[in-house]
Amino acid sequence: MRFAPSPTGMFHVGSARSVLFNWAFALQNDGTLVLRIEDTDAARNRPEWIDGIVSAMAWIGIDGSKYEGPFRQSDNRDKHTAAAQRLYAQGRAYYCDCTREDVIARTGDQHRGYDGFCRDRGLGPGEGRALRFRAPDEGATVVNDLVRGETVFENAAIEDFVLTRGDGSVLFLLGNVVDDMDQRITHVIRGEEHLPNAPKQQLMWEALGAQPPAWAHLPVLVNEKRQKLSKRRDKVALEDFRAEGYLAAAMRNYLMLLGWAPKGDREIVPWDEMVTEFRLEDVNPSPAFFDVKKLRAFNGEYIRALPAEEFIAQCQPWLTAPAAPWSAERFDPAVFAELAPLAQTRVAVLPEIVAMVDFAFLPDPVEDEAAWTKAMREPAADILADVAAAYAEVPWQGDALRERLEAVGTAYGLSLGKAQAPVRVAVTGRTVGLPLFESLVVLGRTETLRRIEAARERVTGLA
RNA sequence: GGCCCCGUCGUCUAGCGGCCCAGGACGCCGCCCUCUCAAGGCGGUAGCGCCGGUUCAAAUCCGGUCGGGGCUACCA
């Protein structure tokens, strides 16, 4: 099977997504990719979800403008019922007035499905009567699946499923088929949980006199307990990842790797290459666990690969209200531009940028009790005093600042690593952070001295 | 219960009968580098669920078994 390069790449991202959000994908015979959300409850009750999902899809590069909408909201209602009537006229469907309770009473089994009671009762249409598809008694329906090969379903095991409700409304199974036929869909790509529906739908395609589409049931995504991801239980919304500072490119790259791998030992692969290399037939059929740790690692790689200006641009949402802990007036883009390159290798997710640079925009260093007690041990007060004295007149440059601090440390028999700790905490409030001397240069002599002095007083006051 | 799917390091995977006493990546652990933390470099850890069979040769083929998952609605 051949696909146009562009949609194929999307298909797989979509696969992961379809599991996350009940998206299904379909390819029309003119090559148009159609996205469809299959969770009509969400569509009906929370229309804003659709906008959110479509925008999230766009975020990772999937064109949501071809979105078709859930079948219930489509204009195909007439075609749906017409198809149901054709099936009835052909004798491929029959009316049934059994209630769920009736069936259970007869079969004594909650899970056995319909027993075919009304098959030959010759019931006509009527209020409260459902229309059921008459599944073949013998033979088998083989679903040729692009990712799993041939799957055989014994027809005898396929129950006479409902096509139309007692009130005449059409069910998903049929509506879906009719819409797909109407749109000349050639490929149905969806999550594995739909596999049991495929033989039923294929039977309908055939009964309606059409050539069934190519099916591709992609692996589901599971949680650490190996259960299918669920919206209630697991964090699955793509929007959440965007909000947490993951880059779209990293996200889509990671998603592609779930159930599929590029040739060679490559994992970080440009989107264009993914798109040309991806083939549905190569998708691994087993369920995959969504590993946030690995996503995070990928995100770090993508962040580091960003050009400096781009990195700065991506950080913006976290540097301004309401995310930023400082007031807008205190933020200085020029200062940030100096700090950004130092921070770029140190953030795995964008929001981490805040803790890296906040010392420069907050009026005072952040309060961190643990950092303070750890750094302000014994000779801290003396070191602070000596450094303050030395820094009062050094040329305000990185290497000079370093030399002076190193000298102070030596006087106390401390390595630079040990000696810098009190100064770092005094100035930034944190025990870890950007390279210290570059940070001091950006902060400026006056403010640096002020903070060192404040810390010294506090240490001696406590002592 | 029935039907269906799946089964390689903890995780995502490469592998499609000999190149594999199984390769890559994330994680984890060391070492180097180093003003902290990262980044970077080097090294390590760990896997073919099990049992039979086919074959000179099996992670790769076949059967069984065990385990996991999905579906089983007049939901989608």
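Quick note: numbers below take in every heavy atom, side chains included, and nothing from hydrogens, waters or symmetry partners. What you see is a predicted model; the values in this text were computed from it and never measured. Residue numbering restarts at 1 for every chain, and letters A, B, ... go by the order of the sequence lines.
Taking a pair to require two hydrogen-bonding distances under 3.5 Å in either a Watson-Crick or a G-U wobble arrangement, B:rC66 pairs with B:rG7. Across all strands shown, B:rC48 forms no Watson-Crick or G-U wobble pair with both distances under 3.5 Å. Across all strands shown, the partner of B:rC61 is B:rG53, judged by Watson-Crick or G-U wobble contacts whose two distances both fall under 3.5 Å. Pair assignment for B:rA39: none, as no Watson-Crick or G-U wobble contacts are both less than 3.5 Å.
Phosphate contact (OP1/OP2 of B:rU13, side-chain N/O of A:R266, threshold under 4.0 Å): absent. Neither OP1 nor OP2 of B:rC74 sits under 4.0 Å from any side-chain N or O of A:R129. When the side-chain nitrogen and oxygen atoms of A:N284 are compared with OP1 and OP2 of B:rA14, one or more of them lie within a distance under 4.0 Å. OP1 or OP2 of B:rG15 has at least one side-chain nitrogen or oxygen of A:K263 nearer than 4.0 Å.
At a cut-off of 3.5 Å, with distance as the only test, no side-chain donor of A:N155 or A:E138 sits close to an acceptor on the other residue. A:D145 and A:T151 share no donor-acceptor pair across their side chains, judged by distance under 3.5 Å alone. At a cut-off of 3.5 Å, with distance as the only test, a side-chain donor of A:Q202 or A:W215 sits close to an acceptor on the other residue. Side-chain contact, A:H217 with A:R190: a donor N or O sits under 3.5 Å from an acceptor N or O.
Of the candidates B:rU13, B:rA25, B:rC4, the closest approach to any side-chain atom of A:F153 belongs to B:rC4. If you check B:rG7, B:rC5, B:rU36 against the side chain of A:S286, the one that comes closest is B:rG7. When distances run from any side-chain atom of A:A130 to the nucleotides B:rG27, B:rC74, B:rC35, the shortest one goes to B:rC74. Closest to the side chain of A:V432, from the set B:rC74, B:rC26, B:rU36, is B:rU36. Distance from the side chain of A:R402 is smallest to B:rC35 among B:rC3, B:rG23, B:rC35. Closest to the side chain of A:R226, from the set B:rG68, B:rG70, B:rC75, is B:rG68. Closest contact between the side chain of A:A261 and the listed nucleotides B:rC26, B:rA14, B:rU36 involves B:rA14. Comparing B:rG24, B:rC4, B:rC74 by their nearest atom to the side chain of A:K294 picks out B:rG24. Among B:rU72, B:rC6, B:rC71, the nucleotide with an atom closest to any side-chain atom of A:P285 is B:rC6. Taking only side-chain atoms of A:R346, from C-beta outward, the nucleotide of B:rA38, B:rA25, B:rC6 with the closest atom is B:rA38.
Geometrically, A:R132 engages A:Y114 in a cation-pi contact defined by less than 6.0 Å to the ring centre and at most 45° from the axis. Note that A:R106 lies in the cation-pi zone of A:F117, set by a 6.0 Å cut-off to the ring centre and a 45° limit from the axis.
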Audit row: A:L258, A:F289, side chain to side chain contact (heavy atoms under 4.5 Å, CB included) steps and yes/no: CA-CA 8 Å; A:L258 257 19; A:F289 171 71; over 6 Å; no

Output, in order, the C-alpha distance, side-chain angles, deciding distance and verdict of side chain to side chain contact (heavy atoms under 4.5 Å, CB included) for A:W396 and A:T448. CA-CA 11 Å; A:W396 206 246; A:T448 299; 3.5 Å; yes

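Spacing of P atoms, B:rG49 relative to B:rG68, comes out at 15 Å, to the nearest Å. Taking atom C1' in both B:rC26 and B:rG67, the straight-line distance is 26 Å, to the nearest Å. Rounded to the nearest Å, the gap between the C1' atom of B:rA58 and that of B:rG18 is 10 Å. If you take atom C1' in B:rU8 and the same atom in B:rG24, they sit 13 Å apart, rounded to whole Å. Annotation: B:rC71 and B:rG17 have their C1' atoms spaced 36 Å apart (nearest Å). Rounded to whole Å, the separation between the C1' atoms of B:rC21 and B:rC9 comes to 15 Å. Separating the P atom of B:rA59 from that of B:rG41 is a span of 34 Å, rounded to the nearest Å. B:rC62 sits 12 Å from B:rU55 when the C1' atoms are compared, rounded to a whole Å.
One atom, NZ of A:K200, and another, C1' of B:rC4, lie 12 Å apart when rounded to the nearest Å. Atoms CZ (A:R424) and C1' (B:rA38) sit 11 Å apart, rounded to a whole Å. What separates CG of A:L123 from P of B:rC74 is a distance of 16 Å, to the nearest Å. If you measure from atom CG of A:L295 to atom C1' of B:rC12, you get 12 Å, rounded to the nearest angstrom. Atom pair A:R148:CZ and B:rC4:C1' shows a separation of 10 Å (rounding to whole Å applied). Rounded to whole Å, atom P of B:rC37 lies 17 Å from atom CZ of A:F359. In this structure, A:E154 places its CD atom 10 Å from P of B:rC3, rounding to the nearest Å. One atom, CG of A:L258, and another, P of B:rC12, lie 8 Å apart when rounded to the nearest Å.
Within 4.0 Å (heavy atoms only), A:L434 reaches at least one base atom of the nucleic acid. Within the 4.0 angstrom heavy-atom criterion, only backbone atoms of the sugar-phosphate kind lie near A:L195; the bases stay farther away. Heavy atoms of A:V423 sit nowhere under 4.0 angstrom from any nucleic acid atom. Across all strands, A:R430 comes closer than 4.0 Å to no nucleic acid atom at all (heavy-atom distances). Note on A:G417: only backbone sugar-phosphate atoms sit closer than 4.0 angstrom, heavy atoms only; bases stay farther off. No contact: A:E352 has no heavy atom under 4.0 Å from any strand. Within the 4.0 angstrom heavy-atom criterion, only backbone atoms of the sugar-phosphate kind lie near A:R132; the bases stay farther away.
If you find the closest nucleotide of RNA chain B to A:G128 and to A:A288, the one lying nearer the 5' end belongs to A:A288. Nearest-nucleotide positions on RNA chain B for A:G166 and A:P287 put A:P287 closer to the 5' end.
At a cut-off of 3.5 angstrom, counting only N and O atoms as typed in the model, there is a donor on one side and an acceptor on the other between the side-chain of A:E267 and the base of B:rG24. Checked by distance alone, A:E192 brings no side-chain donor or acceptor within 3.5 Å of a matching partner on the base of B:rC4. One can find a donor-acceptor pair under 3.5 Å joining the base of B:rA38 and the side-chain atoms of A:T345.
Here the two rings, on A:Y246 and A:Y302, have centers that are 6.0 Å apart or farther.
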